[in-house]
Chemist: 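One structure coming up, written as C-alpha cells, with questions to follow.
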There are 2 protein chains.
Amino acid sequence: MKRVTLEEVARVAGVSRATASRVVNGAGTVDEVLRHAVERAISSTGYLPNIAARSLVTRRADAIGLVLPDEHRMLGDPHLGSVVSGVTRVVRPRGIHLVLMMTGPGTREQALSDLRCGRLDGVILVHTDPADPVPGQLIRAGLPVVLAGRPWQPMPITYVDVNQSAGGALAGERLLSLGCRRIATITGPQDMPTGRDRLRGFLDVVPDAVVVHGDFTRQAGMAAAHELIARCPDVDGVFAASDLMATGAIPVLHRSGRKVPDDVAVVGFDDSSAALTCEPELTTVRQPIADMAEEMARQLLRQIADRTAPVTSVVFEPSLVVRSSG
Amino acid sequence: MKRVTLEEVARVAGVSRATASRVVNGAGTVDEVLRHAVERAISSTGYLPNIAARSLVTRRADAIGLVLPDEHRMLGDPHLGSVVSGVTRVVRPRGIHLVLMMTGPGTREQALSDLRCGRLDGVILVHTDPADPVPGQLIRAGLPVVLAGRPWQPMPITYVDVNQSAGGALAGERLLSLGCRRIATITGPQDMPTGRDRLRGFLDVVPDAVVVHGDFTRQAGMAAAHELIARCPDVDGVFAASDLMATGAIPVLHRSGRKVPDDVAVVGFDDSSAALTCEPELTTVRQPIADMAEEMARQLLRQIADRTAPVTSVVFEPSLVVRSSG
DNA sequence: CTGAAAGCGCTTACAG
DNA sequence: CTGAAAGCGCTTACAG
C-alpha cells in the first residue's frame with residue numbers, strides 16, 4: 001500500500017500538479033473537463049493529501065487545542081463530554097483536529113509552544129486560575145485564544161460564558177415561588193468569578209438569605225449543611241451553587257430528620273449527571289454547555305481566519321430545570 | 001515575531017543545518033563544543049522546530065487519535081476524564097498529541113483516512129460495536145490500533161480490558177459474605193462482552209441468582225427494580241452490572257419500603273462519580289481506568305515504533321470498593 | 001564527527 | 001484557465 005501523491009494523480013489525469021492541487025482544494029478556476037479528469041484520478045488512485053506537506057506551505061496546522069486543567073479538577077467534571085461534543089460539531093466538518101491537552105501545574109506552557117511552532121492554530125482555555133500566566137502571554141503574542149468563562153481579571157480576551165448571576169437569580173426566584181421563608185445558600189469559592197456571580201445574582205433576589213461558604217465540592221456541601229442546620233434550624237430552602245454541593249447537602253438534611261423537598265427545598269446549579277442520580281432528583285440551573293462550546297470553537301476559528309478580529313464576549317442565558325428536590 | 005528556522009540557528013552557531021538538526025534531535029554524534037554552540041543559539045533565538053516540516057520527512061505525525069462513540073453514549077460516560085488523563089501521562093512526555101475524535105454514526109471512517117494520510121500515527125478505539133467495520137479495516141491495512149475492551153468477535157487485535165467476570169464474581173462474593181439469601185442481578189446488555197462477562201462471573205459464584213435484564217442505563221435500573229420486586233419480593237441482595245443501573249434501582253427499592261442496605265444490599269459496577277452522589281453511597285466494583293488508558297497508550301506506541309509487534313491483550317484485575325449500600 | 005545536497009509532498013505567485 | 005518553477009523547513013543518506 002504505497003502512498004499516492006498529487007504528482008501521481010496529476011499524471012493519471014493528464015494535468016499538471018498545480019491543476020490537480022487546485023481541484024483538491026476546490027479552487028473554482030478549473031475547467032469542467034479537467035476537473036472531472038482529476039476527480040476520477042483521485043478516486044481511482046485513492047489519493048489523500050499529505051497534511052504535513054500542506055501545512056508546511058499554508059502555515060496552518062488545521063488543529064486547535066482544548067486546554068484543560070489537571071486531572072484533579074477535571075476528572076469529576078461533568079461537562080467534559082459536552083464540551084468535546086460541541087467543539088467537534090463545528091470543527092470536524094472543516095477537517096480541523098481537536099487536540100486535548102490536560103495540563104498539570106506548570107504544563108500549560110506546552111500549549112503556548114505548540115502555538116508558536118505552528119503545531120496548533122489556536123486554543124480554547126478551560127478553567128484558568130488567576131495565577132495562570134498563559135492567557136496573558138497568548139494575548140501578548142497575538143495568538144488566537146478563547147476562554148471558557150469570564151477571565152478573573154479584566155483583560156482583552158475573547159470568552160464565552162453563561163450569565164452566572166442570572167442563574168443565581170433563577171434559583172432564588174424558584175425558592176421564593178415555592179413559598180420558602182428561611183432561605184439559605186451554599187456558595188462557591190468567592191475568589192472565582194463563577195462563585196461570586198452566582199451568589200450576587202441570588203442575593204439580588206433573596207437579600208436576607210443565610211450565606212454559608214463552600215467550594216463546589218461534595219464535601220463542602222456536607223460540611224455546609226451541618227453548619228446550616230446549626231445556625232438556622234428552621235431553614236426551608238437552600239440554593240447550592242453546584243450540584244455536587246447539593247448532593248452532599250441532601251443526605252445531611254435527611255439524616256437531621258428534614259425531608260427534601262417537603263421540609264427543605266433544594267436547588268442546585270449545573271444540571272450535571274449528579275442531578276439525576278441523586279435522590280430526590282435535583283432541581284437545578286442549567287448551562288447550555290454544548291452550545292457554549294460550539295460558540296467557543298466558532299469564535300476561535302474566526303480569530304484564526306482573521307488575526308485582527310475584535311475581542312468578543314458571548315454570554316448565554318441559563319435556564320431552570322425543575323425536578324423533585326425544589 | 002518572525003519564525004526562527006533551523007537555518008538561522010545553524011548560522012548563529014556557526015555550523016551546518018545538518019549539525020544543528022542533530023543536536024535538536026539529540027543525536028549522540030555531535031562534538032561537545034558544537035553541541036553547546038547550537039544549544040546556545042537555540043535558546044538565544046527561541047527556536048522551535050516546525051513540526052510540519054519534520055513530519056514531512058520523518059513520515060510520523062507524532063499524534064494519536066482517541067476515537068470515542070457519538071455523544072449519546074459518551075456524554076454520560078463517567079470515565080472520559082480518566083481515560084484522557086491516563087493517555088496523556090504517557091503521550092505528553094514524548095511530545096505526542098492526543099487528538100480526540102468523537103464520532104457520530106458513519107463518521108468513524110474519519111480516523112481511518114487520517115491514519116492513511118499520515119495525519120495520525122495510530123488510534124485507540126473506545127466502545128466499538130459489532131457492526132463497526134473500522135477495527136477490521138485497520139487491521140487489514142496494518143495500521144496501529146488498540147481497542148479499549150475486548151472485541152466483540154475474536155480478531156487479531158491488541159486490546160486492554162478489565163477482567164469483567166472477575167468483577168462479577170467479586171460482587172457475588174460480597175453479597176454472599178453479607179449473608180444475603182435471595183440474590184438477584186440486573187444485567188448489562190447480553191450482546192456486549194462486558195454485559196455477558198459480568199453476568200457469567202457473577203453466576204459462577206451465585207448460580208441460583210434471579211436474573212433481570214437491563215442495558216446499563218439508569219432507566220433500565222428503575223424498570224428492573226420494579227420487575228424484581230414483583231418477581232421476587234423477598235430479594236435481599238442485588239448486583240447491578242453498572243452504577244447507573246444501581247442508582248436507578250435504589251430509589252425504587254426505597255419507595256417500595258425496602259431500606260438499602262438493611263433490607264436489600266446493592267452492589268454496583270464502575271466506581272463512577274454516580275456511586276458517590278447516590279444515597280447511600282454505592283459499594284461497587286472498580287476498574288482502574290486511568291491505568292488501563294496508560295497501558296493502551298503504551299501498547300499503541302509500541303505498535304507505532306514496531307509495525308511487526310505481536311498482537312497483545314492486557315487484562316487488569318478489578319477491585320471491590322466497599323461503601324454503604326452493600 | 002561534519003557538511004553539501006537531495007528530497008519529503010504540497011501550494012502559489014508568476015507567466016503565458 | 002493552465003503549467004513550470006520556486007519554496008515551505010526539516011532530516012538523512014552520502015562523502016569526506
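Values below: all heavy atoms of this structure, side chains included; hydrogens, waters and symmetry mates excluded. Just so we're on the same page: letters track the sequence lines, and every chain starts at 1.
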Chemist: Give one of base, sugar-phosphate or nothing for Arg59(A), where a contact means two heavy atoms less than 4.0 Å apart.
Modeler: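 Sugar-phosphate, backbone atoms only, no base.
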Chemist: Taking only the P atom of each, what is the distance from dC1(D) to dA5(D) in whole angstrom?
Modeler: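 Here dC1(D) and dA5(D) have their P atoms 23 Å from each other.
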Chemist: Which string of ( ) [ ] | and . matches DNA chain D, if you list each base 5' to 3' and count Watson-Crick or G-U pairs only when both distances are under 3.5 Å?
Modeler: |||.||||||||.|||
Chemist: Taking the side chain as C-beta and beyond, is there a heavy-atom pair between Leu143(A) and Leu112(A) under 4.5 Å?
Modeler: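 SC-SC contact between Leu143(A) and Leu112(A) confirmed.
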Chemist: DNA chain C: Val15(B) or Thr58(A), which has the more 5' nearest nucleotide?
Modeler: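 Of the two residues, Val15(B) wins.
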Chemist: Round to the nearest Å and state the distance from Arg17(B) atom CZ to dG7(C) atom P.
Modeler: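 Whole-Å distance recorded here is 14 Å.
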Chemist: Is the shortest side-chain heavy-atom distance between Tyr47(A) and Val24(A) below 4.5 Å?
Modeler: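 They are in side-chain contact.
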Chemist: Report which part of the nucleic acid Leu34(B) touches: base, sugar-phosphate, or nothing (heavy-atom distance under 4.0 Å, all strands).
Modeler: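 Sugar-phosphate: the residue Leu34(B), judged by heavy atoms under 4.0 Å, touches backbone atoms but no base.
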Chemist: If you compare every side-chain N and O of Thr19(A) against the phosphate oxygens of dG3(D) (OP1, OP2), does one of them come in below 4.0 Å?
Modeler: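 So the side-chain polar atoms of Thr19(A) do come within 4.0 Å of the phosphate oxygens OP1 or OP2 of dG3(D), strictly under.
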Chemist: Main chain of Asn50(B), side chain of Arg54(B): is a donor-acceptor contact present, judged purely on distance under 3.5 Å?
Modeler: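 Absent.
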Chemist: Before accepting this row, confirm whether a basic side-chain N of the pair Arg11(A)/Glu7(A) lies closer than 4.0 Å to the acidic partner's carboxylate O.
Modeler: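 Between Glu7(A) and Arg11(A) there is no salt bridge, as every charged N stays at least 4.0 Å from the carboxylate O atoms.
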Chemist: Does Arg22(B) get its side chain close enough to the base of dG3(C), under 3.5 Å, for a donor-acceptor pair?
Modeler: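 Such a pair is found, so the answer is yes.
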Chemist: Is it true that Glu295(B) and Gln299(B) share a donor-acceptor pair across their side chains at a distance under 3.5 Å?
Modeler: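 Looking only at side-chain atoms, Glu295(B) and Gln299(B) do form a donor-acceptor pair, the distance falling under 3.5 Å.
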Chemist: Whether the Thr312(A) and Arg302(A) side chains hold a donor-acceptor pair (N or O, under 3.5 Å, no angle test) is what I'd like checked.
Modeler: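 Thr312(A) vs Arg302(A): donor-acceptor pair found between side chains.
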